[in-house]
Number of protein chains: 2
Amino acid sequence: MPKQRILPHIILGIIATSEAEVTGKQITDYVQREIGEYWQVAHSQVYPELKRMTEDGWIVCHPVPNNEKEKQYGITELGLEMLENWLSEPNHELPLQKDIFTLKLFFIKDKDDQRIPKLIHAQIDLLNKHLEHLEQRKNNLFASPEDMLNRYGHYLILTRAIARNRDQIKWLKQTLKMK
Amino acid sequence: MPKQRILPHIILGIIATSEAEVTGKQITDYVQREIGEYWQVAHSQVYPELKRMTEDGWIVCHPVPNNEKEKQYGITELGLEMLENWLSEPNHELPLQKDIFTLKLFFIKDKDDQRIPKLIHAQIDLLNKHLEHLEQRKNNLFASPEDMLNRYGHYLILTRAIARNRDQIKWLKQTLKMK
DNA sequence: TTGGGCATGTAAGATGTTACATGATTAT
DNA sequence: ATAATCATGTAACATCTTACATGCCCAA
């Protein structure tokens, strides 16, 4: 069984759940802003993927009126079906992480190594900046209670991301104190 | 500035902290068993990397006595220096995750969608199996208190991984109940 | 009307994955 | 002796990253 490609399904999900048709730029920005915590993508992946998905009949492409530059994409029946199938199928892989900070910590054997506090402080700074971004998203997107009901999945994973980041910062500070 | 390559530094770290010289197979297994939570690698990446690092003078290669098949690698002065420099430099990138389960949750808008419980149960099963593996590692590696002091970084990240996995399972169960 | 920014796109190289190949060791 | 397993390695392919290219749009 060939490995499932994820990016096209993400694109389907974004197109399907947006009110109007969307452009490649909008899709790229959306992934980076809203689900960058769980998947990463560059615009140079998105455009070829859109082309391919159009050829496969998962989506349709329309020129933007009064605009030669941009194109908008909508989902087809087939695309909707692919998306629904994908969402229905529980996945059997653990989340994968690439975490360079933790690797460095791992390879330092001595509890009192001078480099540990420096590494940890840098990481705390990074996480604080990221946390700020996440909290802004939550304030912007979920101002009223019904927003939560209308985008339940989004709400779930955003609150979860915030909790995990806070937790990680807390752990780092605590680890610092243990010196 | 070209992007830092991670794999060679992981290999340096493993060779440097092991008692004796190690083989490619041992390195691959070690990464998958001990730091698979934070980095992933296939053996088909390791062997070419070892060749390259040997050519660059970061490590040295010795045939295993009475064994035509296996080779052992040790670290050079240069390699040690590269490793120390890498460990000393705080990194400026957030940990990256690829988490398909969370993506699927994200794209389901309806709080009462029938597919959510199925997805969550499958994920809980996965995480439970993984947690078991992590707990076994902790029992095997850190039976006595001095083990903790001798491999402080390893201890830190293993306990942290266990805590995070438990936490995730707890959150999933709680989310299930909220239906 | 022209210059800068922007959305789209391409290209090249690096990295990661899967499958297969080879020969040595081990078990039967 | 033969078969199965294992460590090493290669090959083909997919994906990701970075840089560059193109031409439209808008504002000065």
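All values reported here derive from a predicted model rather than from experimental measurement. Chain A is the first sequence line, chain B the second, and so forth, proteins listed ahead of strands; every chain is numbered from 1.
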[X] [atom1] to [N] [atom2], straight-line distance once rounded to whole Å:
| X | N | atom1 | atom2 | answer |
| --- | --- | --- | --- | --- |
| B/K71 | C/dT22 | NZ | C1' | 13 Å |
| A/R52 | C/dT8 | CZ | P | 20 Å |
| B/Q40 | D/dC16 | CD | P | 13 Å |
| A/I10 | D/dT15 | CD1 | P | 13 Å |
| A/M53 | C/dG9 | CE | P | 14 Å |
| A/Q45 | C/dA11 | CD | P | 17 Å |

Counting only non-hydrogen atoms, which of residues 17-33 of chain B are less than 4.0 Å from DNA chain D?
B/T23, B/G24, B/K25
The answer to which of B/Y47 and A/W39 contacts DNA chain D further toward the 5' end, by nearest nucleotide, is B/Y47
So, taking the atom named CG in A/L94 and the one named CD in B/Q168, what distance separates them when rounded to the nearest 0.5 Å?
10.5 Å
Is the phosphate of D/dT15, meaning OP1 or OP2, less than 4.0 Å from a side-chain N or O of A/R5?
yes
Kindly write out the residues that satisfy salt bridge (charged side-chain N to carboxylate O under 4.0 Å, His left out) with A/R164, not counting sequence neighbours, or none if the list is empty.
none
Partner set under salt bridge (charged side-chain N to carboxylate O under 4.0 Å, His left out) for B/R151, not counting sequence neighbours
none
Would you indicate which nucleotide in D/dT17, D/dT8, C/dT18 comes nearest to any side-chain atom of A/K3?
C/dT18
Nearest-nucleotide pick for B/Y73, side chain only, options being D/dT17, C/dT8, D/dG9
D/dG9
Side chain to side chain donor-acceptor pair (under 3.5 Å) partners of B/E49, counting only residues at least two apart
B/R5
Could you pull out all residues at least two apart from A/N128 that satisfy side chain to side chain donor-acceptor pair (under 3.5 Å)?
none
Any chance you could list the contact pattern along nucleotides 21-26 of chain D? Use B for base contacts, S for sugar-phosphate-only contacts and - for none, protein heavy atoms under 4.0 Å, 5' to 3'.
--BBS-
Could you tell me how the ring of A/F142 sits relative to the ring of A/H154: parallel (under 30°), tilted (30 to 60°) or perpendicular (over 60°)?
perpendicular
Taking A/L119 as the starting point, is it possible to reach B/L96 by hopping between hydrophobic residues whose side chains are less than 4.5 Å apart?
no
In terms of side-chain geometry, is the basic nitrogen of A/D125 or A/K129 positioned less than 4.0 Å from the acidic oxygen of its partner?
no
If you measure from the Lys or Arg side-chain nitrogens to the Asp or Glu carboxylate oxygens, is any gap between B/R160 and A/D167 under 4.0 Å?
yes
